[in-house]
Every structure is written in structure tokens, then in C-alpha cells.
Colleague: 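First the structure, then my questions, so here it is.
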There are 2 protein chains.
Amino acid sequence: MPAPDRTAAKEKFMAFLEEKNLRITTQRRAIVDTVFGTDQHFTAEQLLEWARERDESVSRATVYRTLPLLTESGLVHEMDFGKDYKIYDPNYADHPNHNHIICDDCDKIVEFESNKLDELENEISHKLGFSVKSQQLRINASCEEMKKLGECKNKGL
Amino acid sequence: MPAPDRTAAKEKFMAFLEEKNLRITTQRRAIVDTVFGTDQHFTAEQLLEWARERDESVSRATVYRTLPLLTESGLVHEMDFGKDYKIYDPNYADHPNHNHIICDDCDKIVEFESNKLDELENEISHKLGFSVKSQQLRINASCEEMKKLGECKNKGL
DNA sequence: AGCAAATCGAGACAGAGTCTCATTATCAAA
DNA sequence: TTTGATAATGAGACTCTGTCTCGATTTGCT
Ligand SMILES: [Mn+2]
Ligand SMILES: [Mn+2]
Ligand SMILES: [Zn+2]
Ligand SMILES: [Zn+2]
């Protein structure tokens with residue numbers, strides 16, 4: 001996947017705030033700069049830590065208040081990987097509907113997109129009398145490297 | 001989907017326990033009878049409540065200790081529907097790989113199976129150097145009834 | 001500057017799930 | 001059937017993620 005334009009995402013979010021008559025505060029700026037300054041998936045707690053490196057005054061409450069705005073804007077995607085915390089994906093607006101394969105042995109995560117999959121989901125949903133609003137496919141798998149090693153060196157790759 | 005043989009599932013689980021040198025206690029029996037006595041999806045807390053109707057002495061701890069055994073045995077499936085609790089599906093061994101469409105408006109859940117989907121997942125995974133161990137597709141959608149009503153009467157159906 | 005409304009941080013709170021530990025139940029062997 | 005090693009139990013303390021409250025502050029607009 002090509003490198004996305006993070007500046008554009010940030011500006012879109014600022015416009016989103018303005019449209020809803022929400023204010024641009026220094027804490028929100030720190031959070032937003034953090035979110036759109038990385039390609040990585042992150043947790044709420046990681047976001048708090050990173051944002052605090054930019055502005056020490058950012059609180060947990062503000063992070064948790066800002067995350068729903070980010071997802072509502074469509075620029076960040078909230079995901080479940082079967083853990084007891086949520087994972088956020090800042091690289092979403094550029095790759096809508098992408099999904100993930102997770103290696104259970106080494107925790108490696110690979111992203112993919114598939115038009116065939118999207119079509120199939122629409123087809124199935126239509127047959128059952130639904131219209132798709134969103135979807136999330138998680139494939140838990142074993143990667144080649146792990147098969148070769150024959151042994152689980154967790155997080156060793 | 002045809003009505004599954006719940007007695008068989010229960011016996012399989014008892015065999016699973018014996019194989020692992022685990023004991024068959026009255027509390028486990030109450031839990032297992034509950035699990036394989038329903039077709040419905042349930043939460044851990046619901047299972048506790050239902051099992052206590054059979055044996056008042058069943059504790060929360062024992063329910064939470066038994067659930068991993070049930071999933072490990074492959075007879076019950078653990079799922080994420082984006083809530084902050086897990087949902088369990090006792091109707092799994094008979095319909096492996098089935099997935100779910102959830103109506104965001106009325107919380108209706110419909111199950112489906114698709115060979116095409118399974119094949120596509122295997123194909124994609126193989127291309128990326130993985131071999132599938134398990135998968136979970138969640139489609140959030142809007143159902144026909146809700147579209148007709150035009151308004152969200154939550155849980156009204 | 002001056003004001004109303006949005007936002008803030010701290011920390012109390014909530015809910016799902018885990019862990020500890022003293023006690024009890026299981027089950028195979030004697 | 002007794003016995004004993006050990007698996008399993010319940011109560012409740014605890015952890016962790018996430019939410020809510022509230023008094024104090026900041027923002028954006030005139
Ligand atoms: Mn991703
Ligand atoms: Mn199901
Ligand atoms: Zn791997
Ligand atoms: Zn509906």
C-alpha cells in the first residue's frame with residue numbers, strides 16, 4: 001500500500017471538528033498530531049503515552065473523549081482482535097475495508113484488501129435482507145516463518 | 001440449519017475432560033448441561049445465571065474457568081461483536097466457520113455459512129504466506145424491517 | 001476585554017474478567 | 001470402603017479498560 005497523506009487526514013479532522021462546532025484545543029492537537037503521525041495500530045493507552053510526549057498535560061479522559069470523534073469522522077478505524085482492549089488504525093481513510101491476518105505464533109499482523117470479499121459480503125447480506133454498513137474480518141493464522149521454525153518464538157520476528 | 005445433537009456435544013465434552021485428567025464435578029455438570037441445552041448465544045454472566053438455576057452453588061469463578069475448556073474443546077465458539085464482553089456460541093461444532101450479520105438498529109443476529117467465503121479466505125491467506133487456523137467475519141448492517149420503519153425502535157422486533 | 005459554552009484533569013466509579021487461598025470434592029489405588 | 005494426592009471449589013480482593021462527575025480552565029466570538 002502506498003504511503004498516505006497524513007497532513008490531509010489531519011486537516012480533514014480539523015474541518016470535522018469545526019463543522020460540529022467543537023473546539024481545537026492544545027490537548028486535541030497533541031492527540032491528533034500523534035494519531036496522524038504514525039502508520040501503526042495503537043491502543044488507547046499507547047495513544048495517551050505518545051500524546052503526553054508532545055503535551056504532558058494530556059489526560060486519559062481527553063484521549064478517551066477524542067477517540068470516538070476520530071472514529072466518527074471515519075478517519076480512524078476501531079478494531080477487535082480478540083483482546084480485552086480495542087485497537088485503532090489511523091491508516092484507514094486511505095484503505096477503507098481492509099482486513100487483517102494475525103499470526104497466532106508471532107503476533108505479526110498483515111493487512112489486505114479484496115474486492116472479491118467486499119462483493120461476496122454484499123451478495124450474502126442482500127440475500128439475507130440486510131444492507132452492509134461495516135464489516136470486520138479477522139483471520140487467525142500461522143505464518144510461513146513460524147512453520148519453518150517449527151516452534152513458537154513468540155514475538156521473535 | 002438442522003437441529004444439532006446436543007447430547008452428543010455434551011458427551012464429547014465429558015470425553016475431553018477425561019482425556020485431560022480433569023474431573024467431572026457437579027458444578028461443571030450444571031454448566032455443561034446449560035451450555036448444551038440451548039441454541040442461543042450467551043454471555044459469561046448469562047451462563048452463570050442459567051447454571052445457578054440448575055445448581056445454586058455454581059460460582060462466577062467456575063464459570064470463567066470452564067469457558068476456556070469449552071472453547072479449547074472446539075465445541076463452543078468465542079466471539080467479539082464489538083461490545084465490552086464476549087459472546088459464546090454453543091451451536092458451533094455443528095456449524096464450524098459460520099459467521100454473523102448484526103443489525104445495528106435492532107440487534108437482530110443472523111447466522112450464515114459460505115463455502116465461497118472459506119475458499120476466498122484460504123486463497124488470500126495462502127498468497128500472503130499464511131495458513132488459516134480460524135476466522136471471524138462480522139458484518140454490521142441494517143435489516144429490511146428497520147429500513148421500512150425508517151426509525152430505530154431498538155430491540156422492538 | 002468579556003461572556004457562554006466547550007473542554008479540561010483528577011479521580012471516583014463501573015463492569016468484565018482474573019487471581020488467591022483456605023476448604024472441599026473427586027477418583028483411583030489400596 | 002477407606003484413603004490420600006490433587007483437582008476443583010467459592011468468596012472476594014484485585015486488575016484492567018473504559019466512563020462519568022464536577023469544579024476549574026480555555027476557547028472562540030462579539
Ligand atoms: Mn490495519
Ligand atoms: Mn452463531
Ligand atoms: Zn508468525
Ligand atoms: Zn434490524
Side-chain angles (χ1 to χ4, degrees), chain A residues 13-35 41-73 76-89, chain B residues 13-35 41-73 76-89:
Chain A
F13 186 68
M14 293 307 184
F16 171 86
L17 289 181
E18 208 177 321
E19 229 170 78
K20 299 196 71 169
N21 283 326
L22 301 177
R23 294 174 182 171
I24 295 172
T25 63
T26 56
Q27 291 87 351
R28 275 185 183 159
R29 231 190 295 268
I31 291 168
V32 169
D33 285 348
T34 303
V35 167
H41 298 160
F42 57 85
T43 65
E45 216 60 28
Q46 279 176 320
L47 177 54
L48 172 62
E49 194 182 318
W50 296 343
R52 273 183 168 161
E53 288 170 13
R54 293 177 186 254
D55 178 345
E56 221 185 324
S57 81
V58 173
S59 72
R60 176 171 288 103
T62 297
V63 166
Y64 276 105
R65 284 175 187 132
T66 307
L67 279 168
L69 297 173
L70 286 160
T71 57
E72 193 190 334
S73 76
V76 171
H77 195 216
E78 185 182 277
M79 303 180 298
D80 272 304
F81 284 169
K83 311 279 183 177
D84 51 0
Y85 45 82
K86 288 170 183 163
I87 290 184
Y88 295 89
D89 191 337
Chain B
F13 185 67
M14 291 309 182
F16 171 85
L17 289 180
E18 208 178 321
E19 230 171 76
K20 299 196 71 170
N21 284 325
L22 300 177
R23 296 174 181 171
I24 295 171
T25 63
T26 57
Q27 291 87 352
R28 275 186 183 157
R29 231 189 296 270
I31 291 169
V32 169
D33 285 348
T34 304
V35 166
H41 297 161
F42 58 85
T43 64
E45 216 60 28
Q46 279 175 320
L47 177 53
L48 172 62
E49 195 181 316
W50 295 342
R52 273 182 167 163
E53 288 171 12
R54 293 178 185 254
D55 178 347
E56 219 185 324
S57 80
V58 173
S59 72
R60 177 170 289 103
T62 297
V63 166
Y64 277 106
R65 284 176 188 129
T66 306
L67 280 168
L69 296 174
L70 287 160
T71 57
E72 194 190 333
S73 76
V76 171
H77 196 216
E78 185 183 277
M79 303 179 298
D80 272 305
F81 285 169
K83 311 280 182 175
D84 52 358
Y85 45 82
K86 288 171 183 161
I87 289 183
Y88 296 89
D89 190 338

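Proteins come first, then strands; the chains are lettered A, B, ... in the order of their sequence lines, and each starts at number 1.
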Colleague: Strictly under 3.5 Å: I want the nitrogen or oxygen pairs between protein and nucleotides 17-21 of chain C, one per line.
Modeller:
{"residue": "C:dG17", "atom": "OP1", "partner": "B:Lys86", "partner atom": "N", "Å": "3.1"}
{"residue": "C:dG17", "atom": "OP2", "partner": "B:Tyr64", "partner atom": "OH", "Å": "2.9"}
{"residue": "C:dT20", "atom": "O4", "partner": "B:Arg65", "partner atom": "NH2", "Å": "3.1"}

Colleague: Please report the end-to-end axis angle for the helix from C:dA1-D:dT30 to C:dA30-D:dT1, five pairs per end, rounded to 10 degrees.
Modeller: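 Computed angle between terminal axes is 30°.
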Colleague: Return the CG to CG distance between B:Leu17 and B:Leu70, rounded to the nearest 0.5 Å.
Modeller: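 Between B:Leu17 CG and B:Leu70 CG, I get 8.0 Å after rounding to 0.5 Å.
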Colleague: Quick one: closest heavy-atom pair of A:Ala51 and A:Ala30, and the distance?
Modeller: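 Reported closest heavy-atom pair: O-CB, 4.1 Å.
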Colleague: Using the rule side chain to side chain contact (heavy atoms under 4.5 Å, CB included), only one of B:Val35, B:Leu69, B:Val76 pairs with B:Phe13; which is it?
Modeller: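 Running side chain to side chain contact (heavy atoms under 4.5 Å, CB included) over B:Val35, B:Leu69, B:Val76 with B:Phe13 returns exactly one hit, B:Leu69.
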Colleague: Are A:Leu67 and A:Glu78 close enough that some pair of their side-chain heavy atoms sits under 4.5 Å apart?
Modeller: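 Side-chain contact under 4.5 Å: no.
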Colleague: Please report the interatomic distance CG(A:Leu48) to OG1(A:Thr34), rounded to the nearest 0.5 Å.
Modeller: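 OG1 of A:Thr34 is found 10.0 Å from CG of A:Leu48.
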Colleague: Nearest 0.5 Å, please: how far is OG1 in A:Thr43 from NZ in A:Lys86?
Modeller: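 Between atom NZ of A:Lys86 and atom OG1 of A:Thr43 there are 12.5 Å.
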Colleague: For nucleotides 27-30 of chain C, give me every protein contact, N/O to N/O, under 3.5 Å, one pair per line with atom names.
Modeller:
{"residue": "C:dC27", "atom": "OP1", "partner": "B:Ile24", "partner atom": "N", "Å": "3.1"}

Colleague: Could you give the NZ-to-C1' distance, from A:Lys83 to C:dA16, as a whole number of Å?
Modeller: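 Checked: the NZ to C1' distance equals 17 Å.
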Colleague: Would you check if A:Thr66 and A:Gln27 make a side-chain contact, meaning some heavy-atom pair closer than 4.5 Å?
Modeller: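 Not touching, per the 4.5 Å side-chain cut-off.
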Colleague: Under 4.0 Å, heavy atoms only, any strand: does A:Thr43 hit a base, just the sugar-phosphate, or nothing?
Modeller: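 A:Thr43: no heavy atom of the nucleic acid under 4.0 Å.
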Colleague: Figure out the NZ/C1' separation between A:Lys20 and C:dA5, and round it to whole Å.
Modeller: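 That distance rounds to 16 Å.
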Colleague: Are any non-hydrogen side-chain atoms of A:Leu22 and A:Arg28 less than 4.5 angstrom apart?
Modeller: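 Heavy-atom side-chain distance check passes, below 4.5 Å.
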Colleague: Please give, in whole Å, the distance from C:dC8 P to A:Leu48 CG?
Modeller: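 Going from CG in A:Leu48 over to P in C:dC8 covers 13 Å.
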Colleague: Can you list the residues that meet the salt bridge (charged side-chain N to carboxylate O under 4.0 Å, His left out) rule with B:Glu49, with sequence neighbours excluded?
Modeller: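 Salt bridge (charged side-chain N to carboxylate O under 4.0 Å, His left out) list for B:Glu49, sorted by chain: empty.
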Colleague: Return the CZ to OG distance between B:Arg52 and B:Ser59, rounded to the nearest 0.5 Å.
Modeller: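 Those atoms lie 7.0 Å apart.
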Colleague: For DNA chain D, which nucleotides open and close the run of contacts to chain A, 5' to 3', at under 4.0 angstrom from a non-hydrogen atom?
Modeller: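 First-to-last contact on DNA chain D, by the 4.0 Å heavy-atom rule, is D:dT17 to D:dG28.
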Colleague: How many Å lie between CZ on A:Arg28 and C1' on C:dC8, as a whole number?
Modeller: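 Those two atoms, CZ and C1', are 10 Å apart.
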Colleague: Rounded to the nearest 0.5 Å, what separates atom CG in B:Leu47 from atom OH in B:Tyr64?
Modeller: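 Those atoms lie 9.5 Å apart.
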Colleague: Given atom CG of A:Asn21 and atom C1' of C:dT7, what is their separation to the nearest angstrom?
Modeller: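 Those two atoms, CG and C1', are 14 Å apart.
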Colleague: Look up atom OH in B:Tyr88 and atom CE in B:Met79, then write down how far apart they are to the nearest 0.5 Å.
Modeller: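 Reported value, rounded in 0.5 Å steps: 10.0 Å.
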Colleague: For A:Asp33, check salt bridge (charged side-chain N to carboxylate O under 4.0 Å, His left out) against everything at least two apart and list the hits.
Modeller: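 Once residues adjacent in sequence are excluded, the partners of A:Asp33 under the salt bridge (charged side-chain N to carboxylate O under 4.0 Å, His left out) criterion are A:Lys10.
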